[in-house]
Amino acid sequence: MISKQITQYRYDALIKEQEKLNEDLEFYLDEQRKARDKGDLSENEEYSTASKNVQQSRQRLIQIADELADVEIIEIDKGPRIGLGCKVEIIETDENHKPLAEPRQFYLDEKGDTIIDKVLGIHSVLGKAILNGTNGSYKIQTEMGTMYYDVKKILEE
């Protein structure tokens with residue numbers, strides 16, 4: 001069977017989410033039992049809510065188990081190339097490389113969520129531009145116009 005490749009960062013995030021969901025599931029099952037003990041389930045909103053939470057938690061746990069099944073952790077390139085799993089520092093600049101914002105750090109991964117998880121997806125405009133690139137300045141065309149970024153790979157031990 002062919003294994004799926006994921007980054008260490010993604011793997012750790014999935015394991016953490018799985019652990020949290022298992023804790024939540026125990027709580028929801030307990031809430032469901034308490035609500036069931038109150039009697040008539042047809043008009044029991046607490047039971048309905050707890051059951052919905054149990055179902056959603058179980059569905060997500062199945063998704064995570066599927067994503068973690070037969071995975072191979074990608075080795076991060078220790079050279080200058082920016083690849084999947086690398087941590088990068090990105091500074092939005094003007095065309096003269098004058099910073100317009102504070103530096104931000106992201107992991108480069110298959111799926112991104114820059115606001116919550118600090119992960120830059122490789123399918124985003126910026127992610128596509130820097131993937132397999134090196135430290136330097138990048139000029140990106142977006143729906144908002146031309147954006148400029150200085151990008152630096154951060155080597156972690």
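Any value given below was found using the heavy atoms of this structure, including those in side chains, with hydrogens, waters and symmetry copies removed. Numbers for residues simply follow the sequence, beginning at 1. Remember, it's a predicted structure, so these values are computed and weren't measured experimentally.
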request  = Using the side chain to side chain contact (heavy atoms under 4.5 Å, CB included) rule, take Leu21 and Gln18 through it: C-alpha gap first, then chi angles, then the decisive distance, then the call.
outcome  = CA-CA 5 Å; Leu21 279 167; Gln18 188 178 47; 5.8 Å; no
task = Tell me, with the steps shown, if Asp24 and Lys20 meet side chain to side chain contact (heavy atoms under 4.5 Å, CB included).
result = CA-CA 6 Å; Asp24 291 349; Lys20 174 78 169 90; 2.7 Å; yes
task = Take Ile6 and Glu110, measure what side chain to side chain contact (heavy atoms under 4.5 Å, CB included) needs, and give me the verdict at the end.
result = CA-CA 8 Å; Ile6 65 171; Glu110 184 76 25; over 6 Å; no
ask   = Going through the checks in order, is the side chain to side chain donor-acceptor pair (under 3.5 Å) test met by Asn22 and Glu26?
value = CA-CA 6 Å; Asn22 279 320; Glu26 286 304 314; over 6 Å; no
message = One pair to check against side chain to side chain contact (heavy atoms under 4.5 Å, CB included): Tyr9 and Val119. What are the steps and the verdict?
response = CA-CA 9 Å; Tyr9 185 84; Val119 177; 3.1 Å; yes
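Contacts of Asp77 classified as side chain to side chain contact (heavy atoms under 4.5 Å, CB included), with partners at least two apart in sequence or in another chain: Arg81, Lys153. For the side chain to side chain contact (heavy atoms under 4.5 Å, CB included) test, no residue two or more places apart in sequence or in another chain qualifies with Ala13. Not counting sequence neighbours, Tyr28 has no partner by the ring-ring contact (aromatic ring centres under 6.0 Å, His included) test. The side chain to side chain contact (heavy atoms under 4.5 Å, CB included) search around Thr134 returns Pro80, not counting sequence neighbours.
In Glu95, the CD atom is crowded: over 12 heavy atoms of neighbouring residues, nucleotides or ligands sit closer than 6.0 Å. By the 6.0 Å contact criterion, OH on Tyr148 is enclosed, its count of non-hydrogen atoms from other residues, nucleotides or ligands being greater than 12.
Following chains of ILVMFWY side-chain contacts shorter than 4.5 Å, one can reach Val54 starting from Phe27, so the two form part of one hydrophobic cluster. A chain of hydrophobic side-chain contacts below 4.5 Å, direct or via other Ile, Leu, Val, Met, Phe, Trp or Tyr residues, connects Ile73 to Leu14. Cluster annotation: Leu155 and Ile76 are assigned to distinct hydrophobic clusters (Ile/Leu/Val/Met/Phe/Trp/Tyr, side-chain heavy-atom contacts under 4.5 Å, transitive).
In terms of modelled atom types and a separation under 3.5 Å, the side chain of Ser124 and the main chain of Gly121 share a donor-acceptor contact. Formation of a donor-acceptor pair under 3.5 Å by the Asp109 side chain with backbone atoms of Gly112 is not found in this model.
Between Ile91 and Ala101, the shortest heavy-atom contact is CG2-O, 3.6 Å.
Between Ser57 atom OG and Lys52 atom NZ the span is 11.5 Å, to the nearest 0.5 Å. Rounding to the nearest 0.5 Å places CZ of Arg33 at 7.5 Å from CZ of Arg36. Between atom NZ of residue Lys4 and atom CD of residue Glu72 there is a gap of 12.5 Å, rounded to the nearest 0.5 Å. Once rounded to the nearest 0.5 Å, the distance linking CD of Gln32 with OG of Ser48 reads 10.0 Å.
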Let me check something: any side-chain donor-acceptor pairs from residues 59-68 under 3.5 Å, sequence neighbours excluded? List them with distances.
| residue | atom | partner | partner atom | Å |
| --- | --- | --- | --- | --- |
| Arg60 | NE | Glu17 | OE2 | 2.8 |
| Arg60 | NH1 | Gln63 | OE1 | 3.2 |
| Arg60 | NH2 | Glu17 | OE1 | 3.0 |
| Glu67 | OE1 | Arg10 | NH2 | 3.2 |
| Glu67 | OE2 | Arg10 | NE | 3.1 |
| Glu67 | OE2 | Arg10 | NH2 | 2.8 |

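If you chain together ILVMFWY residues whose side-chain heavy atoms come under 4.5 Å of each other, Ile140 ends up grouped with Ile74, Ile82, Leu84, Val88, Ile90, Phe106, Leu108, Leu120, Ile122, Val125, Leu126, Ile130, Leu131, Tyr138, Met144, Met147, Tyr149, Val151.
With a 4.5 Å cut-off on side-chain heavy atoms, Thr49 and Glu46 do not count as touching.
In the model, Lys87 has a side-chain atom that pairs as donor or acceptor with a side-chain atom of Gln105 under 3.5 Å.
The existence of a salt bridge linking Lys34 and Asp30 is confirmed by a sub-4.0 Å separation between a basic side-chain nitrogen and an acidic carboxylate oxygen.
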